[in-house]
Amino acid sequence: MEQYNQKEIEAKWQKNWEKSDLNKAEDFSKKSKYYCMIEFPYPSGEGLHVGHCRSYTALDILARKKRMEGNNVLFPIGWDAFGLPAENYAIKTGQHPKVTTEKNVVTFTRQLKSLGYSFDWSREINTSDPNYYKWTQWIFLKLFEKNLAYKTKMDINWCTKCNVGLANEEVVNDKCERCGGDVVRREREQWMLKITAYADRLLEDLDKVNYLEKIKKQQSDWIGKSHGAQVVFKIISKTELVEDKGYYLPVYTTRPDTLFGCTYMVVAPEHELIQKFADQIDNYDEVLDYIELTKKKTELERTNLEKVKTGVELHGLKASNPVTKEEVPIFAADYVLSTYGTGAIMAVPGHDQRDYDFAKKYNLPIREVISGGNIKKEAWTGDGVLVNSDFLNDLNVQQAIDKMIDWLEERELGFKTTNYHLRDWVFSRQRYWGEPIPIIICPECGYVPVPEKDLPVILPDIKNYRTTETGDSPLAKVEDWVNVACPKCGGDAKRETDTMPNWAGSSWYFLRYVDPKNDKVLADFKKLKYWIPVDWYNGGMEHTTLHLLYSRFWHKFLFDIKVVPTPEPYAKRTSHGMILGEDNEKMSKSRGNVINPDDVVNHYGADTFRVYEMFMGPFDQATPWSTQGVVGVSRFMEKIWQIGNNLDDKKRTNDDDLIRLMNKTVKQVTEQIETLDLNTCVSAMMILVNKFQNEGCNKEIFEDFLKIFSPFAPHLCEEIWQKLGHKKSIFLEKWPKYDIKLIKDEAIEIPIQVNGKVRSKIFVTQDMSEEEIKKTALSDEKVKKNIGENEVKKFIYVKDKIINIVI
RNA sequence: GCCGAAGUGGUGAAAUUGGUAUACACGAAGGACUUAAAAUCCUUUGGAGUUAAUCCUCCGUGCGGGUUCGAGUCCCGCCUUCGGCACCA
């Protein structure tokens, strides 16, 4: 009995495949193209995670199957190599991020190759490679040219630990997403990208793509388009401001119909109104105290104090309701956010629960303007007929909204508008390990783009990776790099020292795979036309808002300037579930529940590891790791090895039963790879192999099995394939076909229920008429017994499924 | 608080989308082989009751209702867990 030495076999085939062209994608091949892609990894010092492997194995199976089905498959790999961990490590140890990143890439490469993934390594890319980031910088220049990149002074999130600015999106619970440090507000000049200019298209074009519904929902929620009106309230102060026409406070509301029910107003604690009217506010000190308090509050504290709304009235100021001319009080309260709408709201406690809670606490009047609820108990947010609203009375909500907007527009007190949650993308980082922003700041000419011929702007080597005391990037200290001549006027100028965020390089990498070595353009247009869009993109759920949205934005921009041929980058997007530790918790170093792929591969082999990860549970759901489960798969692999090495050609050459199950399995595996129902694919093949083991199998059938199993366990199948006398790789074989006629059983066993309970089973054949079946069923002993003396009221026969007799 | 996903044996999970609930795998128990163990193979394995019996009966997919000949699946109302979040006006 020959031993299954997986280690030897896997090393042997990995070497052989590397020498072959099996996985090379061919530009302009006449075969139909298939571009499938996984999210390229950030090469962290921790090495490959078993979660990476879940995604990579699934799409590797897809890629291998697509090739066997005759497609020209592009399945590429690369490195999302810029990133903060490498920089933080450099700050700690003084090691250049380039050096540690290179080291990590070597580790990742070894690990990925040890798993036998069929990547086309000839197209490997690295975002920190100047030949790559030259084009990241080029895209920035184009955005700048089209006024989609601008610099502005703004309050940004400032991580006190990393000393970097963070996009809102990167702040988690008022802590820095990457380092966990405290985040405070701080004003700074920042490069911004105008993603909001694309908000509508990013939303509408979701109809054009095949993303999982939940992913689409996340995208559209993040864009957050709402319809409503902007309304202005005149501010009344004790002394009129010097400004001639007075101060009008604009608010955004989705419910202008409730304007008659507005009994107070709220501005965000950060609102400019407070500064502007500082000397008019009687309790200014109290207000300042409140603002200070708000700043200290973490997001978490705010959410925990959910029910207890806090705020402070701005004594001395009133706002005039534009429709009632009533003067209402103004509050500053942290439940209003400065970042959404205009940072101020009209409060309608009768019809908004948050306003209602606030009004109750501060004893403010609650007025019903829409009937249908009981505002003594809670706010009524549903539809109803308008009351107490003068010219809106008796209308329903939608009619009232329309009429109110007309009324406001006529008097120039407001207008219909939409609002987006989506805000412009903060693109500056005061960091070292990122793409330098290719801009030169000239005292005469302002922001001058680096001429295209001078790209890439190479990231210079430095010794000290720490942000400067002023919060500038460490690049600011590299004087011979910073000081340059202005490309426009030739005078003394300085380079921009901010670098790009991690998202930049990953926003377009799928384009570079198409033409990774091009030094004339980011990728040849004809090649892009052949390959783009990506047919299937899989990645983690955590990237389905930010990364996905950013890369769609860049792609749309590139489409507008005619650099790419399609408006959308990814035709299809799926996400995989997390792999949890054996304790059912998220894997983390601190919990000590991390599973290292190397250990699994060394102990059980790559094929076992791959098959286990597919078998462990539904692909899109979180599942805990189970070492016992790996053992089970390991036995399965051993079983296949033994059967493959002991095939008896004379045994079972033509058995209908076996052929039927084989055809069924081919059908199921063929279909379910396409839906990534890989756990049930594996179990179907286990059932087949159990049959082989119990009843024997001939060579022909076993070879078909090897073909459908080869994407899952490539090394094992290739080895047995060779041992069965084949000279060429199994991956050059055609994907097996199945015959639908052979799948149907001649006789089907169907259950008979009496009053919905299974009482017996009978066999029916294809040629039996319904009458015959009924007769057979009713004459069945057990059925007879259960019917007894009762009258048969109904006889239900669902073809090939079930019989139900109602008595 | 809001949004999303889920809840089925001791465990990971199946169930052709309204048609035999628990496939496949793990674990456990018993047996075979062995001096013994490991490995491997065979049998049993949702619960309760009942029986000479592996006969038979009832219960059973988070909870409570409903629709249907028939519900894990559909509808209404809850509970719990996980993931995400931006009190979004």
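A, B, ... follow the sequence lines: proteins, then strands. Residue 1 opens every chain. Given the structure is predicted, the values throughout are model-derived calculations rather than measurements.
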With sequence neighbours excluded, residues passing side chain to side chain donor-acceptor pair (under 3.5 Å) with [X]:
{"X": "His271(A)", "result": "none"}
{"X": "His576(A)", "result": "Asn538(A)"}
{"X": "Asn593(A)", "result": "Asp583(A)"}

Which nucleotide in the list A86(B), C24(B), C87(B) gets nearest to the side chain of Ser683(A)?
C24(B)
Looking only at C59(B), G12(B), A6(B), the nucleotide nearest the Lys757(A) side chain is C59(B)
Can you find a side chain N or O atom of [X] that sits less than 4.0 Å from OP1 or OP2 on [N]?
{"X": "Asn584(A)", "N": "U11(B)", "answer": "no"}
{"X": "Arg759(A)", "N": "U57(B)", "answer": "yes"}
{"X": "Asn679(A)", "N": "A14(B)", "answer": "yes"}

Base, sugar-phosphate, or nothing for [X], non-hydrogen atoms under 4.0 angstrom?
{"X": "Phe795(A)", "value": "nothing"}
{"X": "Asn755(A)", "value": "nothing"}
{"X": "Asn419(A)", "value": "nothing"}
{"X": "Gly632(A)", "value": "sugar-phosphate"}
{"X": "Ser626(A)", "value": "nothing"}

Quantified in whole Å, what is the [atom1] atom distance between nucleotide [N] and nucleotide [M]?
{"N": "A53(B)", "M": "A38(B)", "atom1": "C1'", "value": "38 Å"}
{"N": "U35(B)", "M": "U45(B)", "atom1": "C1'", "value": "32 Å"}
{"N": "G30(B)", "M": "C82(B)", "atom1": "P", "value": "37 Å"}
{"N": "G64(B)", "M": "C56(B)", "atom1": "C1'", "value": "32 Å"}

Distances for protein N/O vs nucleotides 39-47 of chain B N/O pairs under 3.5 angstrom?
unit_1: U40(B); atom_1: OP1; unit_2: Arg635(A); atom_2: NE; d: 3.4

Distance-only donor-acceptor check, side chains Gln672(A) and Thr680(A), under 3.5 Å:
yes
With no hydrogens and no angle check, is any side-chain donor or acceptor of Asn679(A) less than 3.5 Å from a backbone partner on Met616(A)?
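No; zero donor-acceptor contacts below 3.5 Å.
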Not counting sequence neighbours, list each pair that qualifies as a salt bridge (charged side-chain N to carboxylate O under 4.0 Å, His left out) and has a residue in residues 610-623 of chain A.
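Every salt bridge (charged side-chain N to carboxylate O under 4.0 Å, His left out) pair that includes a residue of residues 610-623 of chain A, provided the two are not neighbours, is Asp60(A)-Arg610(A).
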All pairs passing salt bridge (charged side-chain N to carboxylate O under 4.0 Å, His left out) where residues 665-686 of chain A contributes a residue, at least two apart:
Lys65(A)-Glu674(A), Lys66(A)-Glu674(A), Lys667(A)-Glu671(A)
Consecutive-pair stems (at least three Watson-Crick or G-U pairs, under 3.5 Å) that include RNA chain B
B:1-7 with B:79-85, B:10-12 with B:24-26, B:27-32 with B:40-45, B:46-49 with B:56-59, B:62-66 with B:74-78
Just jot down the salt bridge (charged side-chain N to carboxylate O under 4.0 Å, His left out) partners of Arg759(A), sequence neighbours excluded, or say none.
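Per chain and number, Arg759(A) pairs via salt bridge (charged side-chain N to carboxylate O under 4.0 Å, His left out) with no residue.
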Identify, with sequence neighbours excluded, every residue that meets salt bridge (charged side-chain N to carboxylate O under 4.0 Å, His left out) alongside Asp200(A).
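Partners of Asp200(A) under the salt bridge (charged side-chain N to carboxylate O under 4.0 Å, His left out) test: Lys225(A).
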Looking at residues at least two apart in the chain, or sitting in another chain, which of them share a ring-ring contact (aromatic ring centres under 6.0 Å, His included) with Phe553(A)?
Tyr198(A)
Is there a side-chain contact between Leu364(A) and Pro349(A), using heavy atoms and a 4.5 Å cut-off?
no
On RNA chain B, check which nucleotide each of Asp355(A) and Gln628(A) is closest to and give me the residue with the more 5' one.
Gln628(A)
Mapping Lys794(A) and Gly629(A) onto RNA chain B by nearest heavy atom, which one lands closer to the 5' end?
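It is Gly629(A), whose closest nucleotide lies nearer the 5' terminus.
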Between the protein and nucleotides 18-21 of chain B, list the N/O to N/O atom pairs that are separated by less than 3.5 angstrom.
unit_1: U20(B); atom_1: O2; unit_2: Lys761(A); atom_2: NZ; d: 2.9

So, using side chain to side chain contact (heavy atoms under 4.5 Å, CB included) as the criterion, who are the partners of Val232(A) when residues are at least two apart?
Tyr248(A), Pro250(A), Leu413(A)
Spacing between Tyr356(A) atom OH and C87(B) atom C1', to the nearest angstrom:
18 Å
